[in-house]
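Notes for the one structure printed next.
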Amino acid sequence: MHLPLGRLRVRNELIEIDSRALRFDMDESRELLLAGTGLPIDDADVAELEETTDGWVAAVQLASLALRDDDDPQAAIRRFAANHRELGDYLSETVLDRLDAELLDFLLATSVSEGICASLAEALTGRRRCQRILEDIEERDLFLTRLDAEGQWFRFHHLFADILRQRLEREDPARADALHRSAATWFADRGMLSAAVDQHLAAGDEEQAITLVEDEAFDLLEQSRMSTVLGLATKLPTTARRRRPDLQVAIAWAHALLHHRAEANAALAFIEATLPPAPDADDDAEDIRAETALIRAAMTVLDDHLDGVDEALEACLVRAERLRPWLLGGIAAIASFREVQRFQYDEARQWLSWARPHHRRTRGPFSVIYGYILAGVAAREELDFDTAEASFRHAMSLARDSDEDRSYGSRLSGALLGELLYERGEVSDAVELLDDTYHLGAEGGIVEIIIATYVVGARAKHALGLDDQARHRLDEGERLAQSLHLPRLAAHITAERLRSGVGVEGLSAESFPPAMPDDLPDGIARVTAEKIEEAAIRALLASGTADSRGEACRRARMLCEGIGPTGRARAALNGRLLLAECLAASGSAEQAGNLLVPALRECARVGLVRPVLDAGPAVRELVYRFGTTMRGDVDPTILPFLDRLRVTADGDRQTGRGA
């Protein structure tokens, strides 16, 4: 007789006690074990047994019997977890031997997968309407549990699954291998690569598992799924995978892009060991050599250097017609980074234009994302903030379209947009983006992105009055700069400490060189030196003496003069704001005002709020006077901008920021 369960549920007239309700929890398992054994079993032992048995009462009871005469409960629990012969005998006698042959066959076939759904069950058993069969098995409490609210995926209790698989292997090992291969094909067809690799390995098909990862790895890299590539590679037999240069290239890329320098170098060494010497190498081997040169160039860029980049790019460009579109996008990104660091912004954009046809042929957005990020950086440095924002937003849109869990790609592309929004005064939105990127830690991409994450992230926290969080962010950034050997990041953090006063202990004018060096090899070294000089200037201002303030003015003026010929409009604007702060703090209000008004016009044009207010308390005070007592003497075109600055400054005062 069938009860009307559906109607009873609707009427709330049914109490259902299923296998989940009958499982023991930690406390219940502990009580049963103590009562059955009398042995001193601690929480860790109970937790291990609870995990092994899923709280199944019969299994806990059998464990209790097995432990009763054992003086070492920890060792006995480990033995029980690894070898449950008594439990297997119990299940065979009380469950499996009483099932009809058709149902038992279904259980044996579907046990080869950790998770099972109707479609996979059909592929393994050849039967139809498997959803109904799975639901019947669950209702009969045959150790099957649904994994989602919709009841699409199920799994067997792992002890029960182990016993089923052992029986299958014992009775028909050839069928077990065939089932694992069928499951591998099913998972691979649906892009469930980790499960597919597991199934190939379970069937003893190591080469097929390696080939699957090798075939899919570059698509995963294009989708910025580097951790997935490394996770799949870890499953593979070490010796076998080291003999596959294409797979090692993918592994090297994944490690390189995640700042895992030692691991990337190890993969590159394995590649080199498998390739024939250059005189005997065929085109395929030379293609791999060119790609390894590009991997090393990418690592150099992520280390914030340019040494050897020109040679690596040339080695790839001579073979460009043979390389994958994704690699050509990588060539353009690295070349664009190089030109940005040389302050050659038009050339950076030309490389990105060169890459566009290749971007359209890629399967994922990763190299395209970096292209738009670097285009945005170039526009930003020229004070074309609208174009910069459009580029950053497009990069984020591309990342999120292909990155549903908002992991690496979208976080990477959000940092520089967060910095831009902060400078335009949209602090809350900026914090959300910068906090998201903060989760990347040492895997945070090029140094511009890491600076935005840690330095601007701390500045935004400070603007909100969250100084403890700002200090923590700067401390974390400083540790990262030391561990990754990134002097440019370290210089920005030091300058930010002195600008905000957060974590400034131990820093003084004596902490810095007396002047900027003259022989700077490239733009990275120049920007690093400029930030150190800014920190020195702010330390001089903070010392409070007339002489030190005069020296700060002198050095700030020299800094501005040095930036001028480099063609960096944004750096020049920030330099003028720093000089205005020095002059105003030194009592030269008229000179400061004459310098500040054109800077305010420029900031008003592009909508930059925070760079003015963050220049320092003397500039904030001068801006406040321009907008109030001196309002009639100020260019009327910037009055609306002055009003916005005043409103923002008032908000800063309410959180304790500013004068």
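Taking each heavy atom of I295 and A252 in turn, the nearest pair found is CD1-CB, 3.9 Å. Considering all non-hydrogen atoms of both residues, I251 and A233 come closest at CD1-CB, 3.7 Å. Minimum interatomic distance between K235 and S194 (heavy atoms only, all atoms of both residues): CE-OG, 2.8 Å. Between L107 and L164 the shortest heavy-atom distance is O-CD1, 3.8 Å. Here the closest heavy-atom approach between residue L120 and residue G115 is recorded as CD2-O, 3.6 Å. Nearest heavy-atom pair across A525 and L520 is O-CD2, 4.0 Å.
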| task | Apply salt bridge (Lys or Arg N to Asp or Glu O under 4.0 Å) to R361 and E222, showing your working. | result | CA-CA 11 Å; R361 295 164 53 213; E222 289 186 32; over 6 Å; no

| request: Would you check, one step at a time, whether the test side-chain contact (heavy atoms from CB on, under 4.5 Å) holds for L236 with V197? | output: CA-CA 8 Å; L236 303 173; V197 169; 4.0 Å; yes

| From CA spacing to verdict: side-chain contact (heavy atoms from CB on, under 4.5 Å), R570, E382 | CA-CA 6 Å; R570 179 171 177 252; E382 294 178 313; over 6 Å; no

| task | Begin with the C-alpha distance, continue with both residues' side-chain angles, and end with the deciding distance and a verdict on salt bridge (Lys or Arg N to Asp or Glu O under 4.0 Å) for D105 and R175. | result | CA-CA 11 Å; D105 185 78; R175 185 190 180 204; 2.9 Å; yes

| said: For a side-chain contact (heavy atoms from CB on, under 4.5 Å) check, start with the C-alpha distance between R342 and D522, then their side-chain angles and the critical distance, and finish with the verdict. | reply: CA-CA 7 Å; R342 292 174 174 172; D522 54 42; 5.9 Å; no

| message | Using side chain to side chain donor-acceptor pair (under 3.5 Å), reason through H259 and E443 one step at a time and then give a plain yes or no. | response | CA-CA 6 Å; H259 283 273; E443 300 173 357; over 6 Å; no

| message | side-chain contact (heavy atoms from CB on, under 4.5 Å) for D303 and L484? Distances and angles first, verdict last. | response | CA-CA 7 Å; D303 286 344; L484 297 181; 5.9 Å; no

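Salt-bridge annotation for E207 and R241: absent, with no side-chain N of the basic residue lying under 4.0 Å from a carboxylate O of the acidic one. Using a 4.0 Å cut-off between a side-chain N of Lys or Arg and a carboxylate O of Asp or Glu, R225 and D219 do not qualify as a salt bridge.
Under the ring pair (Phe, Tyr, Trp, His ring centres under 6.0 Å) criterion, H255 pairs with H260, sequence neighbours left out. With sequence neighbours left out, R243 forms a salt bridge (charged side-chain N to carboxylate O under 4.0 Å, His left out) with no residue at all. Partners of Y454 according to the ring pair (Phe, Tyr, Trp, His ring centres under 6.0 Å) rule, which considers only residues two or more places apart in sequence or in another chain, are Y438. Partners of D148 by side chain to side chain donor-acceptor pair (under 3.5 Å), not counting sequence neighbours: none found. Listed by chain and residue number, nothing satisfies the side chain to side chain donor-acceptor pair (under 3.5 Å) test with D189 (two or more places apart in sequence, or in another chain). The salt bridge (charged side-chain N to carboxylate O under 4.0 Å, His left out) search around E389 returns R393, R424, not counting sequence neighbours. Considering only residues two or more places apart in sequence or on other chains, F106 meets the ring pair (Phe, Tyr, Trp, His ring centres under 6.0 Å) condition with none of them. With sequence neighbours left out, the side chain to side chain donor-acceptor pair (under 3.5 Å) criterion links Q208 to no other residue. For R128, the salt bridge (charged side-chain N to carboxylate O under 4.0 Å, His left out) test picks out no residue, with sequence neighbours left out. Every residue meeting the side chain to side chain donor-acceptor pair (under 3.5 Å) condition with E171, not counting sequence neighbours, appears here in chain and number order: R167.
Between the CE atom of M226 and the CG atom of L258 there is a distance of 4.5 Å, given to the nearest 0.5 Å. Remark: L201 CG to I210 CD1 distance equals 8.0 Å, nearest 0.5 Å. Taking CG of L144 as the start and OG of S111 as the end, the distance is 11.5 Å to the nearest 0.5 Å. Separating the CZ atom in R261 from the CG atom in L268 is a distance of 9.5 Å, to the nearest 0.5 Å. The structure places CD1 of I450 at 8.5 Å from CG of D304, a figure rounded to the nearest 0.5 Å. The structure places CH2 of W351 at 8.0 Å from OG of S336, a figure rounded to the nearest 0.5 Å.
Using a 4.5 Å heavy-atom threshold, the side chains of L294 and L327 count as touching. Looking only at side-chain heavy atoms (C-beta outward), L257 and F366 come within less than 4.5 Å of each other. Side-chain contact check for V447 versus V301: every heavy-atom pair is 4.5 Å or farther apart. Considering only heavy atoms from C-beta on, E214 comes within 4.5 Å of R244 through its side chain. By the 4.5 Å heavy-atom criterion applied to side chains, M299 and L302 are not counted as neighbours. Q131 is listed as a side-chain neighbour of F154, based on a closest heavy-atom distance under 4.5 Å. The shortest side-chain heavy-atom distance between L416 and V377 falls under the 4.5 Å cut-off. Counting heavy atoms from C-beta outward, D435 and R473 have side chains that approach closer than 4.5 Å.
Using a distance-only test at 3.5 Å, with no hydrogens or angles considered, a donor-acceptor pair links the side chain of T362 to the main chain of H359. Here the side chain of T437 pairs a donor or acceptor atom with the backbone of L433 at under 3.5 angstrom. Using a distance-only test at 3.5 Å, with no hydrogens or angles considered, no donor-acceptor pair links the side chain of H485 to the main chain of A481. Of the possible donor and acceptor atoms, one in the side chain of R190 sits under 3.5 Å from a partner among the backbone N and O of W186. The main-chain N or O of A184 is never found under 3.5 Å from a side-chain atom of Q199 such that the two would form a donor-acceptor pair.
Inspection of the E448 and Q341 side chains reveals an N or O donor paired with an N or O acceptor under 3.5 Å. A side-chain donor from one of S353 and R356 sits under 3.5 Å from a side-chain acceptor of the other. Side-chain contact of K531 with T494: a donor-acceptor pair under 3.5 Å is absent, judged by distance alone.
Sequence neighbours left out, the pairs with a member in residues 287-340 that pass ring-ring contact (aromatic ring centres under 6.0 Å, His included) are W253-W326.
When the shell of 6.0 Å around CD of E169 is examined, it contains more than 12 heavy atoms from other residues, nucleotides or ligands.
Just one of R322, R319, R296, R324 meets the salt bridge (Lys or Arg N to Asp or Glu O under 4.0 Å) condition when paired with E291; it is R324.
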Show the atom names and distances, to 0.1 Å, of all donor-acceptor pairs under 3.5 Å that link a side chain in residues 367-374 to residues at least two apart or in another chain.
{"from": "Y370", "atom 1": "OH", "to": "I446", "atom 2": "N", "distance (Å)": "3.3"}

